Participant: 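Sharing a structure, written as structure tokens. Questions coming.
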Amino acid sequence: MRKSYLAAFVAVALGSWPVLAVDAVPAGVTTKTLGSGWQFADDKGMTLYTFDRDEGAPGKSTCNDDCVLTWPPLLAAVDAKAPPNWSVITRDDGTAQWAYKGKPLYRYASDAFPGGTFGDGVGEVWRVAFQPIAMPNEARLGPTRLGQVLTDAKGLTLYAMKDGAGDPSRCDKTCMASWRPLIAPAMARNFEDWSVLTHASGLRQWAYQGRALYRAGSDVNPGETTGHGVSNWEAVVLEPAPPLPPWATVQASDAGELIANQEGLTVYSHAYNPRNRRAFRTPGCEGECVDLVQWVPFLADADAKPVGSWSFFDLPDGRRQWTYKGMKLYTNKLDKAPGDFRGIRFGGDRAFSAIMRNGQPMQGVTVGG
């Protein structure tokens, strides 16, 4: 972790504007540098988050009462000096809270260690507070099975040739039938790690760190990486995916790639969190809140080791149950084949989520039959 300092702002014509290389932060806030940008944390290294339901400019916090037991706000002094892009908002109880670009900031009570991101994606409304690298308007960041990659504005993965060559003319007319250049606007100019190359056909094309960027014609949906490893092509990965435990397999399903056990059966996380009983308590629900007739605890071997966000919960009988981001893991007896997710296919119990290969939760969906 390190404090960040204001870097130069560089403008690019026709609306292709990068963000600051790294924003100055107020006292008590630190940054962790990643390949894809900078992750914000408090002075103890605990990750900070934003809440999608906080709206306005600057945002008004809608996390109050019991919500703050799980998501403690990052408090500020009322007279605190705010660097550019930062502000101090007033909460309903009169206390002051830091906000970044209008989004109030919070910790997550169930993060188990500095740098942990257990809260990312909770309820599909909580996000790691993050400043991405400078990018033109035509590019984005997106999660895939490989990690955080560069994408186009529609979320489709971007690729480059493995040897790093930046000459776009190496992809000739035949090549361009399968690999589509990321077009740069007529007045776009070079900035930071981005440059504009001109193809022999006259097309202006974005390049990142000197590598000409393309979409794969075989990719249809965001998150797909069908072009990775094809011939001389690879996805432009800025931050590799976190490691998986040795038992984990990745299974294709009609809703995307899912994490499964060694038998190929989907594993599900349950929103009751053993690290913080208040975090996910369901009114009127006692104990585990799990129907053990249908849901089978996913147990760990005696010699298993924690990996990244994958760890254990010690059961009263001495056994250990695998957890993901502090949430207990289960398989479902209705699943019979790899790729099944019958536990949540038709809505199901929304306390359970399948875990996508990109680390995002998938809850209660209706896909196929």
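Every value quoted in this text rests on a predicted model; they were computed, and no experiment measured them.
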Participant: Side chains of Trp233 and Cys175, heavy atoms from C-beta outward: is any pair under 4.5 Å?
Facilitator: yes
Participant: How close do Ala207 and Leu197 get, heavy atom to heavy atom, and via which atoms?
Facilitator: CB-CD1, 3.6 Å
Participant: When clusters are formed by joining ILVMFWY residues with side-chain heavy atoms under 4.5 Å apart, either directly or through shared neighbours, do Leu150 and Leu34 land in the same one?
Facilitator: yes
Participant: Is there a side chain to side chain contact (heavy atoms under 4.5 Å, CB included) between Val267 and Tyr324? Walk through the geometry before answering.
Facilitator: CA-CA 10 Å; Val267 295; Tyr324 177 65; over 6 Å; no
Participant: Using ring centroids (six-membered ring only for Trp), state whether Tyr268 and Trp295 fall under 6.0 Å.
Facilitator: yes
Participant: Scan for salt bridge (charged side-chain N to carboxylate O under 4.0 Å, His left out) pairs involving residues 217-233, sequence neighbours excluded, and state none if there are none.
Facilitator: none
Participant: Crowded around Asp65 CG? As in, over 12 foreign heavy atoms under 6.0 Å?
Facilitator: no
Participant: Can you give me the closest heavy-atom contact between Asp111 and Gly116, atom names plus distance?
Facilitator: OD2-O, 3.2 Å
Participant: Kindly work out whether a path of hydrophobic side-chain contacts (I/L/V/M/F/W/Y, heavy atoms less than 4.5 Å apart) joins Leu238 to Met135.
Facilitator: yes
Participant: So how far is it from Leu334 CG to Asp340 CG, rounded to the nearest 0.5 Å?
Facilitator: 9.5 Å
Participant: Shared ILVMFWY cluster between Val236 and Phe191, side chains joined below 4.5 angstrom?
Facilitator: yes
Participant: Say whether, by atom type as modelled, one donor and one acceptor occur between the side chain of Thr323 and the main chain of Ser311 under 3.5 angstrom.
Facilitator: yes
Participant: So, do Pro143 and Gln148 sit near enough that their side-chain heavy atoms are less than 4.5 Å apart?
Facilitator: yes
Participant: Check salt bridge (charged side-chain N to carboxylate O under 4.0 Å, His left out) between Asp52 and all other residues, then give those that pass, not counting sequence neighbours.
Facilitator: Arg127
Participant: In terms of hydrophobic clusters joined by side-chain contacts under 4.5 Å, are Val29 and Val78 together?
Facilitator: no
Participant: Which heavy atom of Ala76 sits nearest a heavy atom of Ala80, and at what distance?
Facilitator: CB-CB, 4.5 Å
Participant: Decide salt bridge (Lys or Arg N to Asp or Glu O under 4.0 Å) for Asp317 and Arg319; before the verdict, give the C-alpha distance in whole Å, the side-chain angles of both, and the deciding distance to 0.1 Å.
Facilitator: CA-CA 6 Å; Asp317 60 9; Arg319 297 178 301 168; 2.8 Å; yes
Participant: For the pair His270 and Phe352, evaluate side chain to side chain contact (heavy atoms under 4.5 Å, CB included) and give the outcome as yes or no after the intermediate values.
Facilitator: CA-CA 5 Å; His270 186 246; Phe352 287 91; 3.4 Å; yes
Participant: State, yes or no, whether a side-chain contact exists between Tyr330 and Phe298 at a heavy-atom distance under 4.5 Å.
Facilitator: no
Participant: Could you check whether any side-chain heavy atom of Gln39 comes within less than 4.5 Å of a side-chain heavy atom of Thr31, counting everything from C-beta outward?
Facilitator: no
Participant: If you define the side chain from C-beta out and look only at heavy atoms, does anything of Thr266 sit under 4.5 Å from Ile259?
Facilitator: no
Participant: Give a yes or no on whether the backbone of Val293 and the side-chain of Lys333 come within a donor-acceptor separation of less than 3.5 Å.
Facilitator: yes
Participant: Assess the side chains of Tyr106 and Ser61: does a donor N or O sit below 3.5 Å from an acceptor N or O?
Facilitator: yes
Participant: Please report the shortest heavy-atom distance between Ala77 and Val88, naming the atom on each side.
Facilitator: O-CG1, 4.2 Å
Participant: Among Trp126, Phe118, Trp71, which residue meets the ring-ring contact (aromatic ring centres under 6.0 Å, His included) test with Tyr108?
Facilitator: Trp71
Participant: Report the residues that fulfil side chain to side chain donor-acceptor pair (under 3.5 Å) with Thr62, sequence neighbours left out, ordered by chain and then residue number.
Facilitator: Asp54
Participant: Find out if a path of hydrophobic residues (ILVMFWY) with successive side-chain heavy-atom gaps under 4.5 Å connects Tyr208 to Leu146.
Facilitator: no
Participant: Under 3.5 Å, side chain of Asp120 to main-chain N/O of Val128, donor-acceptor pair present?
Facilitator: yes
Participant: Taking Leu182's backbone N and O only, do any of them form a donor-acceptor pair with Arg215's side chain (distance below 3.5 Å, no angle check)?
Facilitator: no
Participant: So how far is it from Gln321 CD to Leu299 CG, rounded to the nearest 0.5 Å?
Facilitator: 6.5 Å
Participant: Before giving the answer on side chain to side chain contact (heavy atoms under 4.5 Å, CB included), spell out for Asp163 and Asn232 the whole-Å C-alpha distance, their side-chain angles and the decisive distance to 0.1 Å.
Facilitator: CA-CA 8 Å; Asp163 56 15; Asn232 194 36; 3.7 Å; yes
Participant: Ignoring hydrogens and angles, tell me if any N or O in the side chain of Gln205 forms a donor-acceptor pair with the backbone of Leu213 under 3.5 Å.
Facilitator: yes
Participant: Do Met362 and Leu258 have side chains that get closer than 4.5 Å, going by heavy atoms?
Facilitator: yes
Participant: Strictly distance-based, threshold 3.5 Å: is any side-chain N or O of Thr198 a donor or acceptor partner for the main-chain N or O of Arg204?
Facilitator: no
Participant: Before accepting this row, confirm whether a basic side-chain N of the pair Asp152/Lys154 lies closer than 4.0 Å to the acidic partner's carboxylate O.
Facilitator: no
Participant: Please check: side-chain N/O of Lys103 versus main-chain N/O of Phe51, any donor-acceptor pairing under 3.5 Å?
Facilitator: yes
Participant: So which atom in Thr117 and which in Tyr49 form the shortest heavy-atom distance, rounded to 0.1 Å?
Facilitator: CA-OH, 3.2 Å
Participant: Measuring from atom CD1 of Ile133 to atom CG of Leu141, what distance do you get when rounded to the nearest 0.5 angstrom?
Facilitator: 5.5 Å
Participant: Atom CD of Gln294 and atom CG of Asp335: how far apart are they, to the nearest 0.5 Å?
Facilitator: 9.0 Å
Participant: Please report the C-alpha distance between Val196 and Arg189 in whole Å, then the side-chain angles of each, then the deciding distance to 0.1 Å, and finally whether the side chain to side chain contact (heavy atoms under 4.5 Å, CB included) criterion is met.
Facilitator: CA-CA 6 Å; Val196 179; Arg189 297 293 182 267; over 6 Å; no
Participant: Using the side-chain hydrogen bond (donor to acceptor under 3.5 Å, both in side chains) rule, collect all pairs that involve residues 234-249, keeping only residues at least two apart or in two chains.
Facilitator: Arg211-Glu234, Thr249-Gln251
Participant: Can any side-chain N or O of Gln97 pair as donor or acceptor with the backbone N or O of Leu105 at less than 3.5 Å?
Facilitator: yes
Participant: Mind checking the CG-CD spacing from Leu158 to Glu138? Nearest 0.5 Å is all I need.
Facilitator: 11.0 Å
Participant: Can we call the ring centroids of Phe312 and Trp322 under 6.0 Å apart?
Facilitator: yes
Participant: Are side-chain heavy atoms of Thr151 and Leu156 found at a separation under 4.5 Å?
Facilitator: no
Participant: Kindly give the heavy-atom pair with the smallest separation between Asn137 and Ala153, and that separation in Å.
Facilitator: O-CB, 4.2 Å
Participant: Could you give the distance from NZ (Lys101) to CD (Gln131), rounded to the nearest 0.5 Å?
Facilitator: 5.5 Å
Participant: Can you name the salt bridge (charged side-chain N to carboxylate O under 4.0 Å, His left out) partners of Arg91, sequence neighbours left out?
Facilitator: none
Participant: By the definition side chain to side chain donor-acceptor pair (under 3.5 Å), identify the one residue from Thr50, Asn85, Asp23 that meets it with Tyr100.
Facilitator: Asp23
Participant: Would you indicate whether the side-chain heavy atoms of Ile355 and Leu329 approach each other to under 4.5 Å?
Facilitator: yes
Participant: Below 6.0 angstrom between ring centroids: does that apply to Trp98 and Phe40?
Facilitator: no
Participant: Taking salt bridge (charged side-chain N to carboxylate O under 4.0 Å, His left out) as the test, write out the residues that go with Asp92, two or more places apart.
Facilitator: Lys60
